[in-house]
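Below is one structure; the comments refer to it alone.
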Amino acid sequence: MDWHIDVHESAGSTQNLLKDLAEGGAPEGTVIQALEQSGGRGRHGRSWISPRGNLYMSLLLRPGCAVNLAGQVSLFTAVALAKTIGEFIEDDKSLTLKWPNDILLAGKKCGGILLDSDIDTRGRVSWLAVGTGINIESAPQQIGACLKDYASNAIKIDEFRDAALAQVAKYYNQWKNAGFDAIKQEWLTLAHKPGQPMSVKIGTQELSGTFYGLDETGNLLLQDKDNKIQTISSGDVYTDVG
Ligand code: BTN
């Protein structure tokens, strides 16, 4: 994978810039990074506060896969970013993942992933904009964590970005050549343990139960109070439930 990185001093949202480039036919491997964002977007229409000092980048993939496999991209990206963070902090024991693609340090979010996509007329994914925000220098108070607090040396954003792109390229190749199975196992070792209590908000609906696993496409499997296994393709997971 050849990454072509374009760094902006400031942007509204790297994700919006990359979407426009994708629609204009930009090649796979195009990367837009901004040193700060004024309109950073998070999942479910939330905003992503983006002051200087953190990593904000969007990268373009053209996987051509079936639409139901696109979610696997955010899962392998989460594993790739967790591995990268592990290279930069002192002790990776506090590093965990939360479905579908939050990266946590001691239970607080230090990174997130946002996918935008386009589907062609045959139902294949023609492009995916993979937006990643990693808190390096600062994080929203109370709910966020930043890498600086877990590292003994200063983290240079460019070095972190290049290490992250190398890990994403590695997992993207693995996914294309060998499929999702081994990546799913890696995700599981970093994420929820079977039986962990959790609730999932899906729009206005809330389901409670325990973590059962992932299905072969990367959907969350939740065992509900009646012991039925619910398959969830999108939602917000809360694990601080008893
Ligand atoms: C989440 O809600 O967890 C996803 C956050 C994704 C934020 C990144 S920052 C770079 C890219 N540009 C955006 O506007 N959003 C993503």
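As the structure lists them, so they are numbered: ligands from 1, and atoms in each ligand from 1.
The backbone N or O of Ala26 sits nowhere less than 3.5 Å from a side-chain atom of Thr30 that would complete a donor-acceptor pair. Although no hydrogens or angles enter the test, the distance criterion places a donor-acceptor pair under 3.5 Å between the side chain of His192 and the main chain of Trp99. Looking only at distances, a side-chain donor or acceptor of Trp3 sits under 3.5 Å from a matching main-chain atom of Leu165. Proximity of a side-chain donor or acceptor of Glu28 to a complementary backbone N or O of Arg62 within less than 3.5 Å is detected. The backbone N or O of Ser47 sits nowhere less than 3.5 Å from a side-chain atom of Arg41 that would complete a donor-acceptor pair.
Of all protein heavy atoms, the one lying nearest to atom 16 (C) of ligand 1 is Arg41 O, 3.7 Å. The single protein non-hydrogen atom nearest to atom 5 (C) of ligand 1 is Trp48 CE3, 3.4 Å, given as residue, atom name and distance.
Checked against a 3.5 angstrom limit, the closest N/O atoms of Thr14 and ligand 1 fall inside it. Taking any N or O of Arg43, backbone or side chain, at least one lies under 3.5 Å from an N or O belonging to ligand 1.
The ligand atoms of ligand 1 that sit less than 4.0 angstrom from a heavy atom of Gln15 are 12 (N), 13 (C), 14 (O). Close contacts between ligand 1 and Gly40 involve ligand atoms 14 (O) [criterion: under 4.0 Å to a heavy atom]. Each of the following atoms of ligand 1 lies closer than 4.0 Å to a heavy atom of Met57: 10 (C). Taking every heavy atom of Ile113 and a limit of under 4.0 angstrom, the matching atoms of ligand 1 come to 3 (O), 4 (C).
For the 3.5 Å distance criterion, the side chains of Glu206 and Ser199 qualify, holding a donor opposite an acceptor.
Salt bridge annotation for Lys228-Asp226: absent, with no cationic side-chain nitrogen under 4.0 angstrom from a carboxylate oxygen.
Neither the backbone nor the side chain of Asn101 comes within contact range of ligand 1; no heavy atom lies under 4.0 Å.
Residue contact check for ligand 1: Arg46 places no non-hydrogen atom closer than 4.0 Å to it. Ligand 1 lies less than 4.0 angstrom from a heavy atom belonging to Lys109.
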Inset, instruction - Please step through salt bridge (charged side-chain N to carboxylate O under 4.0 Å, His left out) for the pair Asp236 and Arg46, ending with a clear verdict. - result: CA-CA 12 Å; Asp236 273 327; Arg46 290 187 279 255; 3.1 Å; yes
